[in-house]
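First the structure, in the form of structure tokens, and then the observations on it.
Here is the naming used below: chain letters follow the sequence lines, and residue numbers restart at 1 for every chain. Because the structure is a prediction, the values reported are computed rather than measured.
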Amino acid sequence: MNYPTVPNVFTSGSTAIAANFNANYSALASGLTDGTKDININSLCVASTFNVVGDMDSLIYIGSTITFPGWSSFNDQLVYYKKIGKIYLIYFYVSGTSSGVSPGFSSLPFTINYGYGPFSYGFLLAKDNNGGPNNYIGQIIVNGSNSLQIFPNYSSNSYITPNGKTLSVQGQCVVSTS
Amino acid sequence: MALNISYNFVDGSPLNATQVNQNFEDIVNATLNANAIININSAAIGSINAALDIYTVQLTDFSSASSPTGWSSFNNKFVYYKKLGKTVYVWFYIDGTGSGTGASFSLPFNSSAIMYGNIALICGIVTNDNGSIYTSVGGVSQTAFTIQKDLNNDSFTNGTYRLCQGYFFYEAA
């Protein structure tokens with residue numbers, strides 16, 4: 001971080017030079033307004049609007065670090081998240097061979113606050129070849145502080161793709177941490 | 001509002017303590033009491049409370065610029081977006097007489113390469129094709145959002161009523 005600084009530090013007992021005072025004030029004023037410096041603060045209260053010119057945070061790939069119940073092997077494990085404060089936007093595409101248990105994402109690198117109700121946190125397109133090819137609208141619920149459970153067929157929440165079928169899920173969801 | 005310092009000291013003149021204090025107070029008031037516009041490169045903030053809005057681009061009517069394709073005439077054409085950082089939130093409702101067999105509209109910002117193809121399939125879309133209603137999906141390419149009529153990606157019916165509505169979010173380039 002490149003924080004605002006002042007060019008002059010005054011020594012006790014020495015003569016204060018006006019120009020040095022001016023330079024310090026000017027450095028602080030420009031450091032807070034010229035868009036070149038960074039700041040690190042505990043909390044910020046904005047009376048009007050907060051305009052973000054760049055980005056809130058980076059898109060993070062977690063497909064290689066989380067676990068995937070519901071699959072025994074994979075073709076794709078594309079799972080990313082974007083953190084905005086306590087909101088996490090999750091983008092995903094996972095495909096492979098089903099293992100016959102309820103699919104989902106576990107060992108997520110953040111703790112989800114899910115104590116307020118059985119919400120659907122996202123919807124997805126699920127495809128399998130169980131007597132298919134079949135395309136379904138599925139949904140995601142939170143089933144643990146670090147895990148999401150996928151119901152591949154929203155109209156039949158007990159549906160689980162049997163073992164050994166092709167299974168892909170793709171979509172988005174939004175969760176919040178505490 | 002600019003961050004204005006009250007006093008500029010003259011070399012060789014005695015420093016007035018009251019004026020020195022006033023200058024410090026000017027900086028404190030500007031940063032802590034909503035008296036100036038702060039413009040910085042980056043910030044690490046524990047929590048932020050904005051009384052009005054947080055945005056990169058405020059809620060914007062993109063209806064005309066979205067140039068929907070797949071309609072020969074419109075009853076309604078609403079496409080709105082809001083951008084926060086690189087995340088773009090899009091809401092749309094488009095209906096009218098369908099033309100051809102597909103439906104799409106331009107994105108307000110090119111999407112990140114990570115979004116192309118499989119990972120960028122979005123659900124939460126409702127379509128109406130000549131009176132038949134479907135829950136469907138759409139896909140983000142680099143520059144456009146393409147809507148499927150149904151989960152099987154069947155063709156829309158040319159020359160009949162066509163509705164597409166929903167919302168999605170994606171990461172801009």
About how many Å separate [atom2] of [Y] and [atom1] of [X], when rounded to the nearest 0.5 Å?
| X | Y | atom1 | atom2 | result |
| --- | --- | --- | --- | --- |
| Asn39(B) | Thr33(A) | CG | OG1 | 7.0 Å |
| Leu28(A) | Asn23(B) | CG | CG | 10.5 Å |
| Leu78(A) | Ile114(B) | CG | CD1 | 9.5 Å |

If you count heavy-atom pairs under 4.5 Å with chain B, which of [options] comes out on top?
| options | answer |
| --- | --- |
| Asn2(A), Asn134(A), Val46(A) | Val46(A) |
| Pro4(A), Gly31(A), Ser48(A), Ala29(A) | Ser48(A) |
| Asn40(A), Asn42(A), Asn51(A), Leu124(A) | Asn51(A) |
| Val53(A), Val174(A), Leu59(A) | Leu59(A) |
| Ile17(A), Thr49(A), Val52(A), Asn24(A) | Val52(A) |

Return yes when atom [atom1] of [X] has more than 12 non-hydrogen atoms of other residues, nucleotides or ligands closer than 6.0 Å, and no otherwise.
| X | atom1 | result |
| --- | --- | --- |
| Tyr161(B) | OH | yes |
| Lys86(B) | NZ | no |
| Phe10(A) | CZ | yes |

Residues of residues 56-69 of chain B with a heavy atom under 4.5 Å from any heavy atom of chain A, in residue-number order, are Thr56(B)
Taking every non-hydrogen pair under 4.5 Å, which of Asn152(B), Thr135(B), Asp53(B) racks up the most with chain A? Asp53(B)
If you take the centroid of each ring, where Trp contributes its six-membered ring, are Phe24(B) and Tyr25(A) closer together than 6.0 Å?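 That pair passes the under 6.0 Å test.
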Against chain A, label [X] side chain, backbone, both or neither, depending on which of its atoms sit under 4.5 Å from a heavy atom there.
| X | answer |
| --- | --- |
| Ile45(B) | both |
| Ser136(B) | backbone |
| Leu84(B) | both |

What I'd like to find out is whether the side chain of Tyr89(B) reaches to under 4.5 Å of the side chain of Leu89(A), using heavy atoms alone.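 SC-SC contact between Tyr89(B) and Leu89(A) confirmed.
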If you group Ile, Leu, Val, Met, Phe, Trp and Tyr by side-chain heavy-atom gaps below 4.5 Å, do [X] and [Y] land in one group?
| X | Y | answer |
| --- | --- | --- |
| Leu3(B) | Val6(A) | yes |
| Leu148(A) | Ile62(A) | yes |
| Val142(A) | Val101(A) | no |
| Ile133(B) | Phe156(B) | no |
| Tyr81(B) | Ile87(A) | yes |

Could you walk me through whether Met56(A) and Thr87(B) satisfy the side chain to side chain contact (heavy atoms under 4.5 Å, CB included) test, starting with their C-alpha distance in whole Å, then the side-chain angles of each, then the deciding distance to 0.1 Å, before giving a yes or no? CA-CA 9 Å; Met56(A) 293 295 285; Thr87(B) 305; over 6 Å; no
Contact list for residues 36-57 of chain A, test ring-ring contact (aromatic ring centres under 6.0 Å, His included), sequence neighbours left out: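 Applying ring-ring contact (aromatic ring centres under 6.0 Å, His included) to every pair that reaches into residues 36-57 of chain A, excluding sequence neighbours, yields nothing.
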Segment of Lys37(A) engaging chain B (4.5 angstrom heavy-atom cut-off):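 Just the backbone, heavy atoms under 4.5 Å.
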Between Tyr136(A) and chain B, which part of the residue has a heavy atom less than 4.5 Å away: side chain, backbone, both or neither? backbone
Just by distance, do the side chain of Asn22(A) and the backbone of Phe9(B) share a donor-acceptor pair under 3.5 Å?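 Yes, because the side chain of Asn22(A) sits within donor-acceptor range (under 3.5 Å) of the backbone of Phe9(B).
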Quick one: does Gln172(A)'s side chain have a donor or acceptor within less than 3.5 Å of a partner on Phe169(B)'s backbone? yes
Please lay out, stage by stage, how Glu171(B) and Tyr91(A) fare under the test side-chain hydrogen bond (donor to acceptor under 3.5 Å, both in side chains). CA-CA 10 Å; Glu171(B) 297 298 310; Tyr91(A) 304 89; 2.7 Å; yes
Looking at every heavy atom in both Asn135(A) and Leu151(B), which two are closest together, and how far apart are they?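 Heavy atoms only, the tightest pair is ND2-O, 2.9 Å.
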